[in-house]
Q: 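What follows is a single structure, and I will ask about it in a moment.
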Amino acid sequence: MVSKKPELKDTSPIKSVLSLPNTKTNQKPSKIIITKKQIIKSSPIPVDNTENDSDKSQNLTNFKPLRFRADPLSFIIKGTTELSAFYSGAGWRAYEEYIGTKILYPEYTLSIKKALLGSDRVKSAINKLLEEAPEKERQKKKHILWRETESIANKMIGFDILVKMYHQGIHIQEREYLRLKNVALYAQENNLSMIFLPCHKSHIDYLVISYIFFRLGLALPHIAAGENLNMPVVGNILKKNGAFFIRRQWGNDAIYLALMKEYLELLLERGHNIEAFIEGTRSRMGKLLQPKFGILKIILDSVLAEKRIKDCIIVPMSIGYDKVIEASGYINELLGTPKEKESLLQLLSNFNILSLKWGRIDVRFAEPFSLKDYIHSQIERRGPSFQPSSSPADKDLLLQSLGFRVLGDINEVSVVMPTALVGTVLLTLRGRGVGRDELIRKVNWLKREILKKNGRVADFGTMSTGEIVDRAIPVLKDLISVRSDLLEPVFYPNKRFELSLYRNQVIHLFISESVLSTALYATIKAGGPHQSQKIKYQKLCDDIGFLSSLLKYEFIFQFGGLEEVTSKTLDELVKRYSMLS
């Protein structure tokens with residue numbers, strides 16, 4: 001057994017706050033008000049993020065034009081203008097005055113391509129390969145290499161046009177948006193890129209994030225997408241919405257690596273926003289995967305070099321779905337069925353499912369932070385011997401720390417959806433069903449426990465828990481069964497394995513209690529007299545350290561050292577037991 005803290009100890013970060021103008025004093029920035037009907041620009045008024053109303057979530061997809069029968073006079077005066085603006089691309093749909101570096105102009109693609117192919121880095125990579133070729137074949141080789149280089153570049157560069165997409169309910173928190181808007185203004189003034197690092201649950205993530213930025217008036221991000229999505233029709237649409245396709249494995253391809261580094265540094269140098277999924281692939285299990293460092297490493301290297309790139313702003317994001325449209329495919333893959341290659345038919349079938357309007361989507365933005373400030377905080381924390389700029393080992397440690405910091409922030413702001421509440425409760429039942437009233441009571445209890453741990457539950461305003469449960473049941477109709485021949489409907493799990501996808505949205509909140517309880521239960525299970533079933537604190541820490549090391553690739557642990565987290569968890573459990581007894 002291991003008595004020291006598992007490896008995640010060194011990756012526990014210190015919060016780094018980006019210095020921004022104080023929005024709680026006399027400054028009066030122009031504010032975008034998010035209402036339940038549409039987004040409008042208000043006159044300059046003070047912004048106070050501490051108001052209770054800013055904690056509410058709002059649906060960005062609600063567009064409800066006036067109707068003639070309801071109010072004929074208003075329809076004649078205002079309604080026709082409103083409809084014309086909406087359907088002709090004026091108003092918020094025009095997307096002309098957005099915050100951030102400009103991207104949607106005719107010469108954009110040509111400008112990026114010219115700078116990319118003309119860079120010293122790319123030319124050097126090609127010349128190096130030419131030197132290895134026989135002198136007689138160099139001219140022919142040069143033509144082939146430049147043609148290949150241009151082909152790769154064409155796959156990277158996006159944003160020719162903007163396609164308006166997605167009509168499902170997408171909810172954000174107003175307070176987080178106001179904070180993000182202020183950071184975006186700061187980034188624009190200082191020519192800094194914002195690096196959006198969301199979790200990855202579905203192919204729909206690409207569309208959701210672009211849709212949100214479009215509605216909120218922020219510069220759309222350049223999206224790092226897997227080359228598997230560069231398929232006919234779909235690949236072109238994604239690319240024109242900002243996606244640039246990258247290989248899963250970069251190997252020793254010098255030209256590809258040079259192009260990728262140069263392209264990302266060009267975007268950073270010009271202050272363009274970038275979006276990359278921190279997990280590298282979609283999570284098939286509903287919980288966060290370990291971080292992938294490809295894109296993040298290039299960005300970190302660029303800031304550490306302190307040459308072309310001085311800083312950038314990291315923005316972790318969480319996306320929560322009532323129902324993930326690829327869920328059935330995920331289960332098949334987990335059960336051993338070979339993963340199907342993405343195809344147009346497969347994607348269209350998923351969009352057909354989406355058109356059924358299953359549930360809602362909640363998006364949350366964690367607190368943005370300066371990458372440069374984070375690097376300095378880690379150097380200060382670890383001491384003068386920590387030199388990531390010159391030591392590869394220290395750089396790797398810094399990169400891992402940054403990756404787990406982002407994942408921790410995503411978990412911190414992630415929203416537990418109604419389907420996750422219902423699915424979790426149903427999976428606690430052993431071979432029996434639960435009546436509607438009891439299900440509502442258990443969901444209420446689980447919601448309270450989540451909120452006690454500073455977790456977040458989807459906001460439904462004044463809707464009762466009963467209404468929320470009734471809303472979640474149809475979304476899970478393929479996974480649960482119901483008996484209606486009793487005094488009240490009785491629900492029981494039909495597909496436990498599939499339901500675990502929803503339960504895993506909650507599990508990170510209780511991982512410390514689960515590990516501690518497992519360590520205690522192992523001692524009790526060993527048997528013997530009551531006295532021998534007691535466990536010393538140090539032995540408990542050793543057992544927890546062993547279990548944490550064993551599970552470190554399965555879960556993202558909360559910040560803090562082993563003893564700190566163990567002590568805090570014990571105090572919470574003792575306090576809870578005291579309240580019950």
Side-chain angles (χ1 to χ4, degrees), residues 101 103 107-159 191-193 195 222-227 230 239 242-276 280 292-312 371-372 375 387-396 398-399 402:
T101 303
I103 48 178
E107 301 84 10
Y108 172 78
T109 298
L110 185 61
S111 170
I112 288 287
K113 185 175 179 180
K114 184 177 179 180
L116 186 58
L117 297 180
S119 68
D120 291 338
R121 175 180 282 154
V122 173
K123 289 179 180 178
S124 175
I126 291 175
N127 290 334
K128 189 175 180 181
L129 291 174
L130 287 175
E131 289 173 4
E132 298 172 0
E135 189 172 350
K136 293 181 180 180
E137 298 179 10
R138 284 182 184 176
Q139 192 61 33
K140 182 180 179 182
K141 180 82 171 177
K142 182 178 180 180
H143 176 72
I144 294 172
L145 286 176
W146 273 110
R147 188 171 59 185
E148 180 186 347
T149 301
E150 187 171 1
S151 175
I152 295 172
N154 287 335
K155 293 178 182 178
M156 290 182 178
I157 304 167
F159 277 130
N191 194 40
L192 297 177
S193 294
I195 314 300
H222 295 69
I223 308 165
E227 203 169 39
N230 190 17
K239 187 166 169 288
F244 60 95
F245 300 106
I246 60 175
R247 299 173 183 171
R248 296 290 184 188
Q249 301 293 331
W250 298 358
N252 298 319
D253 190 331
I255 292 180
Y256 186 84
L257 188 58
L259 274 170
M260 180 57 66
K261 287 182 177 180
E262 186 63 27
Y263 180 58
L264 287 173
E265 286 196 7
L266 266 174
L267 296 180
L268 292 168
E269 192 175 29
R270 298 185 179 199
H272 291 299
N273 294 336
I274 298 173
E275 172 194 330
K292 296 293 189 297
F293 299 113
I295 298 292
L296 201 58
K297 184 179 186 301
I298 294 176
I299 294 172
L300 180 63
D301 286 343
S302 301
V303 175
L304 278 173
E306 295 186 330
K307 293 179 181 177
R308 296 168 63 183
I309 316 302
K310 301 302 181 185
D311 195 10
C312 63
L371 180 54
K372 185 176 180 180
I375 293 170
Q387 297 293 330
S389 297
S390 56
S391 169
D394 288 348
K395 185 191 292 185
D396 287 344
L398 177 63
L399 183 61
L402 176 61

Q: With sequence neighbours excluded, what pairs up with Asn191 under the side-chain contact (heavy atoms from CB on, under 4.5 Å) test?
A: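 Counting only residues at least two positions away or on another chain, Asn191 forms a side-chain contact (heavy atoms from CB on, under 4.5 Å) with Thr101.
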Q: If you measure from CG on Asp301 to CG on Leu399, what distance do you get to the nearest 0.5 Å?
A: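 With rounding to 0.5 Å, CG (Asp301) is 8.0 Å from CG (Leu399).
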Q: Quick one, Leu398 with Lys395, criterion side chain to side chain contact (heavy atoms under 4.5 Å, CB included). Give me CA distance, side-chain angles, the key distance, then yes/no.
A: CA-CA 5 Å; Leu398 177 63; Lys395 185 191 292 185; 5.6 Å; no
Q: Under the side-chain contact (heavy atoms from CB on, under 4.5 Å) rule, collect the residues that match up with Glu269, sequence neighbours excluded.
A: Leu266, Arg308, Ile309
Q: Minimum heavy-atom separation for Phe244 to Leu264, with atom names?
A: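 Where Phe244 meets Leu264 most closely, the heavy atoms are CZ-CD2, 3.9 Å.
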Q: Measure the NZ-SG distance between Lys372 and Cys312 for me, rounded to the nearest 0.5 Å.
A: 11.5 Å
Q: Would you check if the side chain of Arg138 reaches a backbone N or O of Leu130 as a donor-acceptor pair within less than 3.5 Å?
A: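 Yes.
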Q: What's the shortest heavy-atom distance between Lys141 and Ala133, and which atoms?
A: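 Where Lys141 meets Ala133 most closely, the heavy atoms are CG-CB, 4.3 Å.
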Q: Between His222 and Asn273, is there a donor-acceptor pair closer than 3.5 Å when you use the side chain of the first and the backbone of the second?
A: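 Yes.
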Q: Check the pair His143, Arg147 against side chain to side chain contact (heavy atoms under 4.5 Å, CB included), reporting the backbone distance first and the verdict last.
A: CA-CA 6 Å; His143 176 72; Arg147 188 171 59 185; 4.1 Å; yes
Q: To the nearest 0.5 Å, tell me how far Leu145 CG sits from Asn127 CG.
A: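 The distance works out to 9.5 Å.
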Q: Identify which one of Ile299, Leu296, Leu192, Leu304 satisfies the side-chain contact (heavy atoms from CB on, under 4.5 Å) criterion when paired with Leu371.
A: Ile299
Q: Let's go through Tyr263 and Val122 carefully: what are the C-alpha distance in whole Å and the side-chain angles of both, what is the deciding distance for side chain to side chain contact (heavy atoms under 4.5 Å, CB included) to 0.1 Å, and is it a yes or a no?
A: CA-CA 10 Å; Tyr263 180 58; Val122 173; over 6 Å; no
Q: Taking all non-hydrogen atoms of both residues into account, name the closest pair between Ile295 and Met260 and its distance.
A: CD1-SD, 4.4 Å
Q: May I have the step-by-step check of side chain to side chain contact (heavy atoms under 4.5 Å, CB included) for Leu267 and Ser193, ending in yes or no?
A: CA-CA 8 Å; Leu267 296 180; Ser193 294; 5.5 Å; no
Q: Between Ile298 and Ser302, which heavy-atom pair has the shortest distance, and what is it?
A: O-OG, 2.8 Å
Q: To the nearest 0.5 Å, how far apart are NZ in Lys128 and CD1 in Ile255?
A: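 These two atoms lie 12.0 Å from each other.
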Q: For the residue pair Gly280 and Lys292, what are the closest heavy atoms and their distance?
A: CA-CG, 3.8 Å
Q: In Å and rounded to the nearest 0.5 Å, what is the CG to CD distance from Leu129 to Glu132?
A: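 It comes to 5.5 Å.
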Q: Side chains of Ile195 and Leu268: does their closest heavy-atom pair fall under 4.5 Å?
A: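 Side chain of Ile195 against side chain of Leu268, heavy atoms only: contact under 4.5 Å found.
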Q: Hey, what do you get for CD1 (Ile126) to CG (Leu117), rounding to the nearest 0.5 Å?
A: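 Result: 8.0 Å between the selected atoms.
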